[in-house]
Number of protein chains: 2
Amino acid sequence: MTTSPRRIGTADSKSRAQLLDAAEQLLVEEGYAAVTSRRVAARAGLKPQLVHYYFRTMDDLFVEVFRRQADANLAALDAAVAKDGSLRHLWRLNAGTSGAAFTLEFVALANHRKAIRAELASYAERYRAAQLAALTNALRASGAPERVPPIVALVLMTGVTQVIGLEQALGVTSGHDETLAFVEQAIARLDAGEPL
Amino acid sequence: MTTSPRRIGTADSKSRAQLLDAAEQLLVEEGYAAVTSRRVAARAGLKPQLVHYYFRTMDDLFVEVFRRQADANLAALDAAVAKDGSLRHLWRLNAGTSGAAFTLEFVALANHRKAIRAELASYAERYRAAQLAALTNALRASGAPERVPPIVALVLMTGVTQVIGLEQALGVTSGHDETLAFVEQAIARLDAGEPL
DNA sequence: GTCTATAATCAGATAGAC
DNA sequence: GTCTATCTGATTATAGAC
């Protein structure tokens with residue numbers, strides 16, 4: 001088996017994994033601007049040039065960091081839904097998104113770097129499709145009369161958790177508690193088979 | 001009148017305004033990482049050192065760029081609401097937010113820089129308060145029975161426009177059309193005094 | 001008040017040694 | 001396949017001239 005043209009080292013190299021870990025930590029803790037070859041290497045206890053050996057460019061490094069997390073997220077969603085596909089659980093999964101900082105950095109990066117934008121868009125579509133399937137099942141199972149199409153409910157739900165998550169990170173809190181209470185009450189009614 | 005300790009040049013200096021304009025353009029077009037003293041100065045047709053003369057640090061420059069836009073946004077909201085305070089108009093105002101890239105960059109910056117986070121949080125709270133006042137009036141004027149508290153409606157509305165705006169920038173589109181149609185239909189009913 | 005010369009540091013990337 | 005020496009250029013910031 002030949003190595004891919006982009007990856008120079010082997011995929012299971014120890015140094016390579018250490019660099020990915022270090023890059024991810026730096027990204028979350030200090031933002032993408034702090035993810036430089038020198039700082040990544042220093043945190044991994046390696047020489048800066050190794051970054052360019054294992055990942056040709058910094059963009060390639062970013063893409064690999066993203067893919068690793070994206071794959072893990074998709075797998076985690078599938079596993080969680082298989083365990084409990086209820087409406088309440090789906091909401092909890094979405095509302096408790098811990099990787100807000102991670103996502104934010106990549107969105108900002110994607111806004112100006114083509115390779116990363118493509119990666120992020122592909123992941124977002126796959127994640128939404130998986131969520132939609134789960135939400136459609138959950139709504140059907142609740143037996144509540146359908147007044148809101150599942151895809152609309154999903155976009156609304158994503159929107160709420162996104163604003164609240166983002167604003168929380170910035171110290172903005174107006175309306176959060178009221179909105180969360182409202183959503184949870186709505187979900188409780190739906191889960192009981194009542195209309196909204 | 002003495003100058004503030006932070007601002008060295010006069011506030012109405014021509015060079016100072018040119019630097020602010022250049023910084024804002026770069027920020028939107030290429031992201032905050034592209035806003036370096038050299039590039040800002042080059043775009044303004046000035047020497048890089050002038051950035052540090054008019055704004056002691058790059059963070060100070062970012063804060064000034066943000067304040068200028070934030071003040072303009074708040075004034076624009078007030079003016080627009082005074083002209084037409086209807087539910088439909090409020091929605092259009094929010095949905096048509098053109099400054100998505102601008103906001104995104106500052107949110108990313110704020111996530112890791114204290115001074116900018118404080119600035120952004122203060123602005124976000126003020127903007128939300130202004131929107132809430134307008135929305136409360138609009139809902140009351142519509143005469144529709146209140147099933148959703150205004151603050152909850154506002155957070156929901158902000159969430160929808162935020163996800164859709166963000167995803168649009170990334171090339172993600174699933175569910176956008178359906179959701180926008182749903183929201184606009186709901187607004188039409190409320191504006192006609194009907195319940196949701 | 002306005003601007004420049006200069007310092008000190010850090011960036012991404014490649015060519016080549018083992 | 002793994003890693004290092006090295007090149008070239010950019011970055012923020014200050015000290016001081018006009």
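None of the values given here were measured: they were computed from a predicted structure.
- Atoms CZ (A:Arg56) and P (D:dC3) sit 20 Å apart, rounded to a whole Å.
- Protein atom CG of A:Asp59 is 14 Å distant from nucleotide atom C1' of C:dA11, rounded to whole Å.
- Of all the heavy atoms in A:Gln168 and A:His176, the pair that sits closest is N-CE1, 4.0 Å.
- Remark: A:Phe62 engages no residue in a ring pair (Phe, Tyr, Trp, His ring centres under 6.0 Å) (not counting sequence neighbours).
- Taking only side-chain nitrogens and oxygens, B:Lys47 never comes nearer than 4.0 Å to OP1 or OP2 of C:dC3.
- Atom CG of A:Asp12 and atom C1' of D:dG1 are 12 Å apart (whole Å).
- Judged by distance alone, with hydrogens and angles left aside, the side-chain atoms of B:Thr136 form a donor-acceptor pair with the main-chain N or O of B:Leu132 at under 3.5 Å.
- For D:dT2, the OP1/OP2 oxygens have a side-chain nitrogen or oxygen of A:Thr10 closer than 4.0 Å.
- The salt bridge (charged side-chain N to carboxylate O under 4.0 Å, His left out) analysis of residues 159-182 of chain A, with sequence neighbours excluded, yields the pairs A:Glu167-B:Arg128.
- Rounding to whole angstrom units, OH of residue A:Tyr54 and P of D:dC3 are separated by 4 Å.
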Identify the pairs formed between an N or O of the protein and an N or O of nucleotides 8-12 of chain D at a distance under 3.5 Å, and give each distance.
unit_1	atom_1	unit_2	atom_2	d
D:dT11	OP1	B:Thr36	OG1	3.3
D:dT12	OP2	B:Ser37	N	2.9
D:dT12	OP2	B:Ser37	OG	2.5

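- Put simply, CZ on A:Phe55 is 18 Å from C1' on C:dT14, counting in whole angstrom units.
- Atom-to-atom, CG of A:Leu61 to C1' of C:dA13 comes out at 14 Å; the value is rounded to the nearest Å.
- Note on residues 124-167 of chain B: pairs passing ring-ring contact (aromatic ring centres under 6.0 Å, His included), not counting sequence neighbours, are B:Tyr123-B:Tyr127.
- Here B:Ser15 reaches the OP1 or OP2 of C:dC3: one of its side-chain N or O atoms lies under 4.0 Å away.
- You'll find that the side chain of A:Tyr53 is closest to D:dG1, out of C:dA13, D:dG1, C:dC3.
- No hydrogens or angles were tested; on distance alone, nothing pairs the side chain of A:Gln49 with the base of C:dA13 as donor and acceptor under 3.5 Å.
- Annotation: side chain to side chain donor-acceptor pair (under 3.5 Å) contacts of A:Arg68 (sequence neighbours excluded): A:Asp21, A:Glu24.
- Applying the side chain to side chain donor-acceptor pair (under 3.5 Å) criterion to A:Glu184, with sequence neighbours excluded, gives A:Trp91.
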